[in-house]
Trainee: 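Have a look at this one.
Throughout, residue positions are numbered sequentially from 1 according to the sequence presented. In this text the structure is predicted, and so the values were computed from the model without any measurement.
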Amino acid sequence: MGGPDKSKAKKRGLRRFFSWRKLLGTFFVVCLLAMGALYVVYLLVPVPTANAEATMQSNIYKYANGKVLARTGKINREIVGLDRIPLPVQKAFVAAENKTFYRDNGVDIKGTTRAAWSTITGKGKQGGSTITQQYVKNFYLSQDQTATRKLKEMVIAIKVDQESSKSDILAGYMNTSYYGRSAYGIQAAARSYYGVDATQLTTAQGAYLASLLQAPNQYDWTSASSTGRKLVEERWNYVLDNMVGEGWLPQAERAGMKFPVPQKPKPLPGMEGQTGYIVEAANQELMRQGVSEEDIKAGGWTITLSIDEKRQKDLVKAVDRQLEAKLDRKGDKKDATVQAGATSVDPKTGEVVALYGGIGATEHWTSNATRRDYQPASTFKPVVLASALDHRSVTQDGRDIGLGTIYDGTSKREVVGSDIPFAPENEDNRSYGPVSVQKATNSSINSAFAQMIVDVGPARTKETALALGMKDGPDFGATPAMSLGTMGASTMDMAGVYATLDNHGKKVSPTLVKAAVHRDRTLSPAKGIGDQVISREAADTVTQAMTGVVQNGSGTRAAGDYEAAGKTGTSENNRSAWFVGYTPELVTAVALFGEDPKGNQVTLTNTINEGRANGGRTPAQIWGDYTDRALGGGSDASFDLETDGSASSDPDPTPTPTSTEETQEPTDEPTREPTTRSPDSTPPPTSTATTPPEPTRDPATTPPEPTSTPPVTDEPSPPPSIEPPNPDASQGDTDRPQR
């Protein structure tokens, strides 16, 4: 009987505290207090003076020795009145950012609250601001994404909307926004992206510039990824459709519009010579480290680079002496197509000590040091060998692969053991007969390395390449043709790969930024040295193989008063020519590229010299010139190698030259060996026997019977008994995969 009465009494007690009347009254009191607080904030928060953006700081870039290399940050902006901006362009910006701009009071309460709540709860940064709010943020406040700044932004926006006309606010917004390419304001953006004054912008161009504001770096068409291009085109269509919906653009005019592809970027003044290339490479590294482009352009950074001032000058002088002094860029259209790029790295730290991006950043903005649109060619062959050694691969007939292993050097020989047919031609269609891996490396014999990559496995070789530091891409297919370096790679990529070999298989990632300090943050530099990615034995054996290239093979022009290992490379159709090499102390990749004024790849043939511009000629000469001076005239340092023991002291003996030959200087013309060799001749010794075994009659390693007529070449062959070392890269150095 007593239970229900107690329950009712309890409920009546709760209602005393939570009646609808009291709850409603509490709600109104809270609202009044909030409104009062906002009013107090409104009274207390003044419209401030212009923020630090108006007096933006510069970035300072320093050499490793502390000397200033460059100072950037001069604002690329010219304030223009709204009367100089076409009305459709004005409407495009409104359609992109704030369709209610002409009707609202300067704030979007719902959008701002949503953005602030997202920031407070840690769900990420969101937009939601009106044009007025964004103008306030750009002109009066900072770019910080905090709830406090959002509240100030909203209050100041209301005041600015009351005190200024919509035209003044829109003009201020368009003039203070950042568009990428170091362009602040609509005038600088119009010139940077379309090469016109703001008064000449079309509606389509204006819609693109309005679209850029959402993500300037990601949406720059000339450097955007395929995803970035898709997104900005969708954004561009969104802007135009909004203009139609608001009655600002006729549907018929909209239907006929095509996406206005912008022009390529041009560097700012002060970035002449190599400075622009170095600064851009440093900025790209900072962005990979998580610093946004806007943060970099906002200034205030002191960036210390790993660039060695002396070695940087040495590299530029080497290119000038060995290349530029021999070209007539203004008077010869073919000479004008030659582009040079180079990257030099300390293998013990990964630091980039010198970089050559081209003739000058204000003349050729694309950096030849970091571009990846050219093939590295035969400089990839050591990667194939490294993979074979690291995985302890064997030939088709079960023999361990080492420097003494015999391969068939017959030109156009079909590889054995591959589902994909491949029969590459050697340089000048020259056949060598049985050759050791050392000889195949020295003379860059395509047929031998094509079979080797099949023996190792293309997929496994690609894994090794990526582990060593190469970058993946759509042209990096795991096929036998990969043995000829048919993928794209930069000189910085290849310098990193060879530095890893020089560093006994421990990963070296080239880095340019030693320190980056801002007034409110310090960036930790990227790691230049990583984990062991291939065995020391494999790396050191590859190094030993490449010392033969410099001593007796296609890279003799790189030799000097130092121990060196390296590899030449000349791509298909002679569009690129490489020499990548190293001493115990320094790794440098040098490449020449053929590029016409429109940016198309063209041949280097008959440019720097008559015939092919082989990797063993000018690139090796630049490398040798630079390395000699960078090492102070030479070095006593020697490679500390732990090899697999597969090499002999003289894996491919050559006859002693006559007294006439001993005094003969190397010429620029290639010296050729006989095109065939008797299969009965004794092959080079292997690592497992003092007397080499009889070559196995396996199709993977044994050449066909020699023909009575050798292949036709451009020059007569020397007598069959003579096989002198060739200083040129023409011995099997051009990679021409058969398709």
Side-chain angles (χ1 to χ4, degrees), residues 58-73 267-286 296 301-325 340-364 367-370 490-492 495-496 499 502 508-517 523 525-526 528-529 560 562 581-590 622-635 637:
S58 60
N59 289 326
I60 300 172
Y61 298 81
K62 297 180 177 181
Y63 285 109
N65 62 8
K67 183 178 178 180
V68 174
L69 165 69
R71 189 186 299 270
T72 66
L268 293 175
M271 293 290 103
E272 296 85 359
Q274 301 306 305
T275 302
Y277 300 127
I278 295 171
V279 167
E280 178 60 20
N283 289 345
Q284 291 298 321
E285 185 171 315
L286 288 173
I296 295 171
W301 291 92
T302 298
I303 301 160
T304 302
L305 307 173
S306 57
I307 297 294
D308 182 299
E309 183 181 11
K310 177 188 177 299
R311 286 178 169 176
Q312 179 63 34
K313 292 177 180 178
D314 289 337
L315 182 57
V316 173
K317 289 178 181 178
V319 176
D320 287 344
R321 279 190 293 263
Q322 302 300 332
L323 177 68
E324 294 301 326
T343 303
S344 187
V345 175
D346 182 337
K348 298 298 186 292
T349 63
E351 293 180 347
V352 176
V353 297
L355 181 149
Y356 187 90
I359 56 176
T362 57
E363 301 166 73
H364 183 266
S367 174
N368 297 325
T370 57
S490 69
T491 65
M492 191 172 289
D502 196 2
V508 177
S509 300
T511 61
L512 195 64
V513 178
K514 293 186 69 172
V517 180
L523 185 71
I529 305 298
Y562 40 72
Y582 51 93
T583 71
E585 304 153 286
L586 193 64
V587 182
T588 308
V590 179
I622 292 172
W623 189 96
D625 188 330
Y626 162 70
T627 301
D628 181 68
R629 286 165 174 76
L631 296 178
S635 173

Trainee: Go through the steps for V508 and I529 under the test side-chain contact (heavy atoms from CB on, under 4.5 Å), then give the verdict.
Mentor: CA-CA 5 Å; V508 177; I529 305 298; 3.8 Å; yes

Trainee: If you round to the nearest 0.5 Å, how far is CZ of R321 from CD1 of I622?
Mentor: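 One gets 10.5 Å once the value is rounded to the nearest 0.5 Å.
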
Trainee: To check you understand the geometry: which heavy-atom pair defines the closest contact between P510 and V352, and what is its length?
Mentor: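 That would be CB-CG2, 3.8 Å.
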
Trainee: Write down the atom of A526, the atom of E285, and the distance for their closest heavy-atom approach.
Mentor: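 The pair with the smallest heavy-atom distance is CB-OE2, 4.4 Å.
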
Trainee: For the atom pair CD1 (I60) and OG1 (T304), what is the distance rounded to the nearest 0.5 Å?
Mentor: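 Output value for this atom pair is 9.5 Å.
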
Trainee: Can you name the salt bridge (charged side-chain N to carboxylate O under 4.0 Å, His left out) partners of E309, sequence neighbours left out?
Mentor: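 Listed in chain order: K67, K313.
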
Trainee: Which pair of non-hydrogen atoms, one from A499 and one from P347, has the smallest distance, and what is that distance?
Mentor: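 So the minimum-distance heavy-atom pair works out to O-CB, 4.1 Å.
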
Trainee: What pair of heavy atoms forms the shortest contact from A589 to A495, and how long is it?
Mentor: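 That would be CB-N, 4.0 Å.
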
Trainee: For residues M271 and A70, report the shortest heavy-atom separation together with the two atoms involved.
Mentor: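 That would be CE-CB, 4.1 Å.
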
Trainee: A side-chain contact here means heavy atoms from C-beta on lying under 4.5 Å apart; do N283 and L286 qualify?
Mentor: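 Yes, at least one pair of side-chain atoms sits under 4.5 Å.
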
Trainee: Does any part of the side chain of R71, heavy atoms only, come nearer than 4.5 Å to the side chain of N59, both counted from C-beta?
Mentor: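 In short, these two side chains do not touch, never coming nearer than 4.5 Å.
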
Trainee: In Å, rounded to the nearest 0.5 Å, how long is the span from CH2 of W301 to OG1 of T72?
Mentor: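 Reported value, rounded in 0.5 Å steps: 12.5 Å.
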
Trainee: Looking at every heavy atom in both A369 and S490, which two are closest together, and how far apart are they?
Mentor: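 For A369 and S490, the tightest heavy-atom pair comes out as O-CB, 3.6 Å.
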
Trainee: Once rounded to the nearest 0.5 Å, what's the spacing between atom OG of S306 and atom CG of D346?
Mentor: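 Answer for the OG-CG pair, S306 versus D346, is 9.0 Å.
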
Trainee: Show, in sequence, the C-alpha distance, side-chain angles and deciding distance for M492 and L355, and conclude whether the side-chain contact (heavy atoms from CB on, under 4.5 Å) test is met.
Mentor: CA-CA 9 Å; M492 191 172 289; L355 181 149; 3.7 Å; yes

Trainee: Would you say Q322 and W623 make side-chain contact, with heavy atoms under 4.5 Å?
Mentor: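 Of all side-chain heavy-atom pairs linking W623 with Q322, none is under 4.5 Å.
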
Trainee: Would you confirm whether Q274, through its side chain, and G358, through its main-chain N or O, come within 3.5 Å as a donor-acceptor pair?
Mentor: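 Such a contact is found between Q274 side chain and G358 backbone.
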
Trainee: Ignoring hydrogens and geometry, is there a side-chain-to-backbone donor-acceptor pair from Q312 to V353 under 3.5 Å?
Mentor: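 No.
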
Trainee: Evaluate the criterion side-chain contact (heavy atoms from CB on, under 4.5 Å) for residue pair N368 and T491; output intermediate values, then yes/no.
Mentor: CA-CA 8 Å; N368 297 325; T491 65; over 6 Å; no

Trainee: Regarding T511 and E351, is there a side-chain donor-to-acceptor distance under 3.5 Å anywhere?
Mentor: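 Checked: T511/E351 side chains show no N/O donor-acceptor pair below 3.5 Å.
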
Trainee: Checking side-chain contact (heavy atoms from CB on, under 4.5 Å) for the pair H364/Y277: CA distance, chi angles, key distance, verdict?
Mentor: CA-CA 10 Å; H364 183 266; Y277 300 127; 3.9 Å; yes

Trainee: In the structure I gave you, are the side-chain heavy atoms of T275 and L69 within less than 4.5 Å of one another anywhere?
Mentor: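 Yes, at least one pair of side-chain atoms sits under 4.5 Å.
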
Trainee: Do S344 and Y626 touch side chain to side chain, with heavy atoms closer than 4.5 Å?
Mentor: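 Heavy-atom side-chain distance check passes, below 4.5 Å.
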
Trainee: Quick check for you: to the nearest 0.5 Å, what is the distance between T583 atom OG1 and L631 atom CG?
Mentor: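 The CG atom of L631 is 5.0 Å from OG1 of T583, to the nearest 0.5 Å.
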
Trainee: Side-chain contact, heavy-atom cut-off 4.5 Å: Q284 with L512?
Mentor: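 Answer no - side chains too far apart.
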
Trainee: Looking at side-chain heavy atoms only, is the closest gap between K62 and L305 below 4.5 Å?
Mentor: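 Counting from C-beta outward, K62 and L305 never come under 4.5 Å.
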
Trainee: Mind checking whether Y61 and V68 have side chains closer than 4.5 Å, heavy atoms only?
Mentor: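 No, side chains not in contact.
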
Trainee: Find the distance between CD1 (I278) and CD1 (I303) and round it off to the nearest 0.5 Å.
Mentor: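 Here the rounded value is 13.0 Å.
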
